[in-house]
Amino acid sequence: MTEEVDVVVVGSCMTDLVSQAPRLPKAGETIHGHRFFIGFGGKGANQCIQAARLGAKTAMVCKVGKDFFGDNYIQNFKDSGVSTAFVEQTAEAATGAASIIVNDAGENAIVIVAGANMLLGKEELQRAQAALEKAKVVVCQLEVSPDTSLKALQMAQQNHVKTIFNPAPAISDLHAGFYKASDIFCCNESEAELLTGCPVASVEDAGRVGLELLKRGCASVIITLGPQGCVVLQSKDPAPKHVPTTKVTSVDTTGAGDSFIGALAFYIAHYPTMPLEEMARRANLIAAVSVQTTGTQTSYPFKKDLPTELF
Ligand SMILES: Nc1ncnc2c1ncn2[C@@H]1O[C@H](COP(=O)(O)OP(=O)(O)O)[C@@H](O)[C@H]1O
Ligand SMILES: *[C@@H]1O[C@H](CO)[C@@H](O)[C@H](O)[C@H]1NC(C)=O
């Protein structure tokens with residue numbers, strides 16, 4: 001018997017290997033950098049960790065390698081109170097990794113090897129079936145096989161579990177089934193642009209593009225707009241609503257979108273009757289905290305560090 005959970009995330013784990021150097025190396029060149037660090041990333045894991053830090057009972061459904069990074073990632077989940085009952089280790093591939101080089105101008109060059117993430121499939125979903133069908137919300141992205149994400153959303157939806165789908169990284173030929181399987185379809189400007197072919201350069205554009213996404217069958221759409229907050233649309237009242245956020249000094253926006261989605265999942269699980277715009281307003285404020293310090297998961301706030309009005 002597994003304990004019941006509120007938020008189940010089906011998605012990716014990635015180890016970020018980050019080197020900071022004066023410039024990016026050319027082919028065949030070796031250069032010296034000035035700092036190296038290892039970080040925990042992957043959109044799915046990021047979202048799950050943020051939801052857990054706000055107080056949600058979370059479980060992650062994912063696959064890592066039978067290797068050092070996989071062992072480490074499992075410990076990272078345990079440290080944040082995320083259930084690892086459905087975190088599987090495989091000897092067939094390495095834990096997902098992103099080798100990142102950042103130059104002094106802040107530009108980067110990145111190689112992502114999805115590795116074990118791509119081996120998450122139907123069998124793993126079957127093993128997590130009870131959790132997926134009894135959760136309050138299931139969250140998916142596109143850093144694992146799209147078939148796996150779609151299946152997980154459908155398993156949840158068939159059991160009246162709320163679904164959040166984050167089509168990231170976006171693919172232009174997204175299967176139509178994703179829209180119908182999404183209670184909340186949440187993406188950023190560039191993803192909305194790629195999915196619709198329409199540019200998103202303003203709040204008005206986001207409203208228009210949101211309406212187009214809504215028409216494809218989701219119950220609601222949220223397009224995040226960085227320092228401008230987000231736009232929320234619901235099929236029951238499709239007029240786009242801009243939800244602005246407070247001005248902050250941003251230091252590192254990596255993973256802001258994942259913080260937003262993790263927060264959204266927490267609110268859906270804990271305050272199911274709260275209006276979606278209010279959830280989005282609060283998720284904006286939580287993501288705004290995450291941009292004020294460096295790192296991805298390291299920048300995600302805990303409940304104890306946030307104003308009580310957010311709970
Ligand atoms: N500079 C910023 N100031 C305040 N909030 C921000 C800032 N950048 C991002 N956010 C918050 O994070 C959310 C997601 O950011 P966004 O840049 O749209 O996503 P992504 O991380 O996918 O690029 C925004 O909706 C907003 O709430
Ligand atoms: C949107 O998210 C993708 C990752 O899926 C990222 O590469 C892109 O820079 C983001 N776009 C904006 C406008 O923040």
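First listed ligand is number 1; within each ligand, the first listed atom is number 1. Values below: all heavy atoms of this structure, side chains included; hydrogens, waters and symmetry mates excluded.
For ligand 1, the atoms sitting less than 4.0 Å from at least one non-hydrogen atom of Gly229 are 24 (C), 25 (O), numbered in the order shown with element in parentheses. Interface atoms of ligand 1 facing Gly257, defined by a heavy-atom separation under 4.0 Å, are 14 (C), 19 (O), 20 (P), 21 (O), 22 (O).
When only non-hydrogen protein atoms are considered, atom 2 (C) of ligand 1 lies nearest to Pro227 CA, 3.7 Å. In terms of protein heavy-atom proximity, atom 26 (C) of ligand 1 is nearest to Gly226 O, 3.2 Å. When hydrogens are left out, the protein atom nearest atom 19 (O) of ligand 1 is Thr224 OG1, 3.6 Å; that is the closest non-hydrogen contact. Nearest protein heavy-atom contact of atom 13 (C) of ligand 1 is Ala287 CB, 4.0 Å. The protein atom (non-hydrogen) at minimum distance from atom 27 (O) of ligand 1 is Asn284 OD1, 2.7 Å.
The proximity of Asn188 to ligand 1, defined as any non-hydrogen pair under 4.0 Å, is limited to the side chain. Only the side chain of Val248 comes within 4.0 Å of ligand 1, counting heavy atoms alone; its backbone N, CA, C and O stay farther away. Within the 4.0 Å heavy-atom criterion, the part of Ser250 lying near ligand 1 is the side chain and not the backbone. Contact annotation for Leu225 and ligand 1: only backbone heavy atoms (N, CA, C, O) come within less than 4.0 Å of the ligand.
Phe185 approaches Leu213 most closely through the heavy-atom pair CE2-CD1, 4.0 Å. Heavy atoms only, all atoms of each residue included: Cys198 and Val209 are closest at CB-CG2, 3.7 Å.
Pairs passing the side-chain hydrogen bond (donor to acceptor under 3.5 Å, both in side chains) check and including a residue from residues 80-97, sequence neighbours excluded, read Asp67-Thr95, Asp71-Gln89, Glu88-Arg127.
Enumerated by chain and number, the residues approaching ligand 2 to less than 4.0 Å through a heavy atom are Lys43, Ala168, Pro169, Asn188, Glu189, Ser190, Glu191.
Under the 3.5 Å distance criterion, the side-chain polar atoms of Ser220 are left unmatched by any main-chain donor or acceptor of Gln234.
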